[in-house]
Amino acid sequence: MRLGYPKRSRQSDKVKVQVVLSSELQKNLQNINNELQYCADLITREFEVGETKKRKMALIHLQGISNGDMISQFVVDPILHKWKNSNVDNLSDLNFFNELKDNTFDVPQVKTETEWNNIMMSLLNGDTAIFLDHQQKVLLIDTKGGQFRSVSESTGQTIIRGPKDSFTESIATNMSLLRYRIRNKQFKMEMLKVGDITNTNVVISYLEDKVDKELLHSIKEKVENIKINGVLETIYIESLIETKPYSPFPTVLDTERPDVIAANLLEGRIGLLVDGSPIGLILPATLPMFFQSPDDYNQRYIVGTSLRLLRSVAFFISLLFSACFLALITHHPSMIPTPLMVSLAAQREGVPFPAIVELLLLEFAFEIIREASIRSPRVLASTVAIVGALVIGQAVVQAGIVSTAMIIVVSITGISSFTIPNYSVAASARLVRYLFIISAGVAGLYGIALMFLFWLVHLNTIDSFGVPYLMPLSPLSIKDNEDTFIHIPKRLLKTEKKDVVPDSSRIRKKQKNKMGEENESNT
C-alpha cells in the first residue's frame with residue numbers, strides 16, 4: 001500500500017460477529033476490552049454509588065481525543081458528590097438511569113444509545129460512555145476535546161486587508177468559523193462518515209434557498225458512495241468526486257480561508273470540510289474563480305480590478321512568454337528588431353546547447369530550486385534560495401552554459417506564476433508550459449498557435465459538476481461577466497450577482513433535451 005493514500009476498501013473474507021449491548025455491566029466491559037484490545041489510550045473507571053443498595057456503573061473514554069478536564073469537572077465530580085453516599089433504595093433501575101441522565105451532569109449534551117456500533121463510534125469520536133449495571137442502554141456525554149492548533153493567519157493565501165483567521169485541523173472549529181459568518185437559518189451543514197477504517201467526518205455546507213437541489217443531491221450521493229479505507233486530507237474526497245480527474249487543471253477550488261467559502265456559499269455553491277484537514281473545498285468551480293483573491297473585494301474596486309487584470313496577464317506570461325521567446329529566436333528571427341537580435345546572437349555565441357535545450361535546462365533547474373526551498377526546513381530555505389540564485393544567476397553565465405537573456409526570460413516566467421492566488425492552477429500552468437515550449441521548438445509560432453487551440457478545446461470540454469469550466473466566458477454570459485475580470489462596485493449593480501449553479505441546471509436541461517431530440521430523430 002502506498003504511504004499516505006489508503007487503498008479502496010474491499011469486503012473482508014472474515015465474518016465479523018455482531019456485538020449486542022447487554023444488561024450486565026461486566027459483559028459490556030469485556031466487549032469493550034475485546035473491541036479496543038491493545039489500545040493504550042482506553043480509560044475505564046468503575047463506580048459504586050448509593051449508601052446501602054450499591055449501584056454499579058463504569059465510565060469509559062479515550063484519552064487524548066476527549067477533554068480530560070471536562071470529564072473530571074462536569075462528569076466524575078457530579079457523580080461522586082451527588083450519588084456516592086446518597087440513598088437510592090427507593091429508585092428503580094430505570095428511575096435511577098433517568099435521574100442520572102437528567103439531573104447530574106453539567107454538560108450541554110447527554111443522550112441515550114442502545115446500538116453497540118453507535119456507542120463505539122461515539123467513543124472513537126471523543127465522547128464519554130457511562131454503562132450501568134442492569135441497564136441495556138448507555139449514556140453518551142459530549143466531551144470531545146484533544147489538542148488542536150489554534151486559529152491563526154493563513155499561510156498559503158495571505159491578504160493585505162481582510163479577516164486573518166483560517167481553518168484548522170478541527171472540524172468543529174471550522175464549522176464555527178463558517179457559522180460565525182453566516183448566521184442564517186437557511187445555512188445548513190450536513191455531516192457524513194467517509195472511510196471504512198478512519199470513519200472521517202465530512203461536512204457538506206450550503207444555503208438551502210440558494211443551492212441547486214439537483215447538484216446538492218448529486219454531490220451528497222457521490223460522497224456517500226465513496227469506498228475507501230481512510231480519508232486523511234481533502235484531496236482524497238476531491239479526487240474521488242471530481243468529474244475530470246485526468247485533467248491537469250483542478251475542477252474543485254481549495255482554500256484555507258473561511259471567508260472565501262462563505263462568499264461562495266452566498267452565490268449558491270457548496271462547501272466541503274474534512275475532519276483533520278485545514279483545507280476546505282468549493283464546488284462547482286470555474287477557471288476564472290482561481291484568479292480571484294479576497295483582496296479584490298477588500299480593496300477599492302479600481303485597485304481590485306487592476307490587480308485581477310494583472311494576475312490574468314501574469315498567467316498568460318507564465319504560460320507563453322518563454323515559448324514565444326524560443327519561437328522567435330529559433331524560427332522567426334526576422335520578427336525581432338535587428339539591434340536586439342545582434343545582442344541576443346552575441347550572448348549565445350559561446351553557448352554549446354540549442355536554444356530549446358538551454359531553455360528546458362533552466363526551467364528544470366528553476367523547478368528544482370523551487371521544490372527544494374519548499375521542502376527544506378525553514379532555517380535552510382533562505383540558504384537554498386541564495387545558493388540557487390548564485391548558481392543560476394552568475395556561475396552558469398560566466399561558464400558559458402546559458403545566455404543572460406534566457407535567464408531573464410525564465411525568471412520573468414517563474415515570477416509571473418507566483419502571482420496566481422491558487423497553487424493548483426499555478427502548478428498546472430507550469431506543466432502545460434512545457435508543452436508550449438516543445439511546440440515552439442518544433443514549429444515556432446505555428447506550433448504555439450496549434451497547442452493553444454488544443455488547450456482551449458480541452459478547457460471547453462471540462463465541466464465541474466455540470467458547470468462549464470470556462471463559464472461565464474464560454475458559453476458567454478454577459479450578466480455574470482461583471483465579476484470575472486472587472487470588479488464593479490455594488491452600488492452600480494442593479495441586481496444581486498446571479499448564481500452560477502442555476503445557469504448550469506439550465507445548461508444540463510438543454511443538453512438532455514437535445515439528446516432526447518436526437519434519439520427521437522434516430523428512432
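A donor-acceptor pair under 3.5 Å is formed between the side chain of Ser92 and the backbone N or O of Asn95.
Among pairs with a residue in residues 55-72, those fulfilling side-chain hydrogen bond (donor to acceptor under 3.5 Å, both in side chains) read Arg55-Asp93, His61-Ser66, at least two apart in sequence or across chains. Sequence neighbours left out, the pairs with a member in residues 73-125 that pass ring pair (Phe, Tyr, Trp, His ring centres under 6.0 Å) are Trp83-Phe96. Within the structure, every pair that satisfies the ring pair (Phe, Tyr, Trp, His ring centres under 6.0 Å) test and touches residues 252-292, not counting sequence neighbours, is listed here: Phe291-Phe315. The list of side-chain hydrogen bond (donor to acceptor under 3.5 Å, both in side chains) pairs with a residue in residues 179-188, not counting sequence neighbours, reads Asp165-Arg181.
Partners of Thr155 by side-chain contact (heavy atoms from CB on, under 4.5 Å), not counting sequence neighbours, listed by chain and number: Glu256. The side-chain contact (heavy atoms from CB on, under 4.5 Å) search around Asp463 returns Thr243, Lys244, not counting sequence neighbours. In this structure, Asp133 has no salt bridge (Lys or Arg N to Asp or Glu O under 4.0 Å) partners at least two apart in sequence or on a different chain. For Asn264, the side chain to side chain donor-acceptor pair (under 3.5 Å) criterion is met by Arg269, not counting sequence neighbours. For Thr198, the side chain to side chain donor-acceptor pair (under 3.5 Å) partners at least two apart in sequence or on another chain are Thr200. Applying the side-chain contact (heavy atoms from CB on, under 4.5 Å) test to Ser416 and every residue at least two apart in sequence or in another chain returns Ala314, Ile317, Ser318, Ile412. Looking at residues two or more places apart in sequence or on another chain, you find no side chain to side chain donor-acceptor pair (under 3.5 Å) involving Glu48. Every residue two or more places apart in sequence or in another chain was checked for a side chain to side chain donor-acceptor pair (under 3.5 Å) with Thr461, and none qualifies.
Side-chain contact check for Met57 versus Glu46: every heavy-atom pair is 4.5 Å or farther apart. Residues Leu94 and Lys137 form a side-chain contact, since some pair of their non-hydrogen atoms from C-beta on lies under 4.5 Å apart. Under the 4.5 Å side-chain criterion, counting only non-hydrogen atoms from C-beta, Met121 is not in contact with Asn117. When side chains are defined from C-beta on, Leu25 does not count as touching His134, because their heavy atoms never get closer than 4.5 Å. By the 4.5 Å heavy-atom criterion applied to side chains, Leu123 and Ile60 are counted as neighbours. In this structure, Ile159 and Ser293 have side chains that are in contact, with non-hydrogen atoms separated by less than 4.5 Å. The side-chain heavy atoms of Lys220 and Glu190, taken from C-beta on, include a pair separated by under 4.5 Å.
The CE atom of Met191 lies 7.5 Å from the CG atom of Asp275; values are rounded to the nearest 0.5 Å. For the atom pair Ile279 CD1 and Leu272 CG, the distance stands at 13.5 Å (nearest 0.5 Å).
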Discussion item. Go through it in stages, so that I can follow the logic: the residues are Ser373 and Arg370, the test is side chain to side chain donor-acceptor pair (under 3.5 Å), and I'd like the CA-CA distance, side-chain angles, deciding distance and then a yes or no.
Written reply: CA-CA 5 Å; Ser373 62; Arg370 184 206 305 264; over 6 Å; no

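Under the side chain to side chain contact (heavy atoms under 4.5 Å, CB included) test applied with Ile141, the options Ile71, Leu59, Thr104, Ile130 reduce to a single match, Ile130.
Checking Thr234 against Asp254 by side-chain atom types alone, no donor-acceptor pair falls below 3.5 Å. For the residue pair Tyr423 / Gln157, no side-chain donor-acceptor distance below 3.5 Å is found, with atom types taken as modelled. Side-chain contact check for Asn125 and Lys144: no donor-acceptor pair (N or O, by modelled atom type) lies under 3.5 Å. With no hydrogens or angles considered, no side-chain donor-acceptor pair links Glu153 and Ser166 at under 3.5 Å. A donor-acceptor pair shorter than 3.5 Å can be found between the side chains of Asn103 and Glu99.
Within 6.0 Å of CG in Leu431 there are more than 12 heavy atoms belonging to other residues, nucleotides or ligands.
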